[in-house]
Amino acid sequence: MDCIINVEKEVDNVIGKFSSVQDKTDQILMDLITNLQKLQRDLIFLSTSNQCELSGIQTVIINQNIAKIRDTISQVAMNHREIHGAVSKVGKVLDKNFISNYSHLTSDTFKQEGLNPYLLNQAIIEHFLRQGMLEIGEELMREAKISVPEEKKNPFSELNDILAGLKKHNVKPALEWIKANKEKLGDRHTQLEFKLHRLQFIEYLRQGVHKQKEMIEYARQNFQSFADDHEKEMQSLMGSLVFLKSGIAQSPYSHLLDPINWNEICDIFTRDACSLLGMSVESPLSVTFNAGTIALPALLNLRQVMLQSSVPSVWTTKDELPIPIDLGKNSQYHSIFACPILRQQSNDSNPPMKLICGHVISKDALNKLTIGNKLKCPYCPVEQNPTDARQIQF
Ligand SMILES: [Zn+2]
């Protein structure tokens, strides 16, 4: 954080200099232009009045003006140099406050195995396709000589078209997509479909009283099949019609116009479409990149400590970081079970086991607590046969 504040201070300094120099220069140049325009008028007057030679005073005025132009140029150049100095200082502060070489952070095993450029390029291409940057994705495919089959590319472009439509408050492409994928979507399709119809209705609502006819017609055509499951929401939509003339924005239904509704539908649609296509909602590349960015400061600190206290390298375990790093709730993809007895996280060889009383302990704890073929639950304490315990899958 301190690094950012240090750099910000310098950037503010540059911005301040820029605006003060700009104000000054603007004023000087304006004065100069006015002077020159006056001189030009005088000269034109001279040439039209058949007076071929300049008078002594006129020569002096012209010479004065030339000198003034020279002065102004050197003054502007000096101001410019001042800005240049401030800008280059920002660069120096950046270098001083941020580390630019991270090569020491890669582990040796990673170096030995080498980075698989094919897989990396594939991940980058998939990321671009997901983000709707099809042209960049295709260019990279050409340059990296990777071919992605059409059937893998098409769903991405279709999804992006639909999302672009939703962002422009157009629900039609999304509704068509739902129709085409009705069977695969199963129960989810009704939820999504109702939400889209609701938004179309709200869109008419937003456009005002002249859309009243369309609105009622739309509700009649599309809402009937949702009457049982979405009764309350539909009542609220119909209730809003009372305020159509006086303005929804000032009515108790103003929340219907909240733009968040459209952001929400984009999220819901992306989630459903991704799960239908068997993809994760977020791009794996952005998830990896974000996780790396969050973890980096902790790893840099660790390296500093290791260098100072000459601790032998602790970065030896193959698939593990030397310290636990908390990436925040958004990066938790799996539930974690920690055994309340042994205080260890469960893993494949030591999975969580549910006892018949409902309490859950790890397999290692279960083996340790078993005496003969009897186990006493450490919590309730029901006596039971350890073979009755069932493994729990997260
Ligand atoms: Zn128990």
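Start at 1 and go down the list; that is how both ligands and their atoms are numbered.
- Partners of Glu139 under the side chain to side chain donor-acceptor pair (under 3.5 Å) rule, at least two apart in sequence or in another chain, are Arg142.
- Looking at residues two or more places apart in sequence or on another chain, you find no side chain to side chain donor-acceptor pair (under 3.5 Å) involving Ser19.
- Salt bridge present: Glu126 and Arg130 bring a charged side-chain N and a carboxylate O closer than 4.0 Å.
- The side chain to side chain donor-acceptor pair (under 3.5 Å) test applied to Asn65 returns no partner, not counting sequence neighbours.
- Using a 4.5 Å heavy-atom threshold, the side chains of His197 and Phe223 count as touching.
- At least one side-chain heavy atom of Lys195 sits under 4.5 Å from a side-chain heavy atom of Ile268.
- Here the Zn ion (ligand 1) has protein N, O or S atoms under 2.8 Å from it, and they come to 4.
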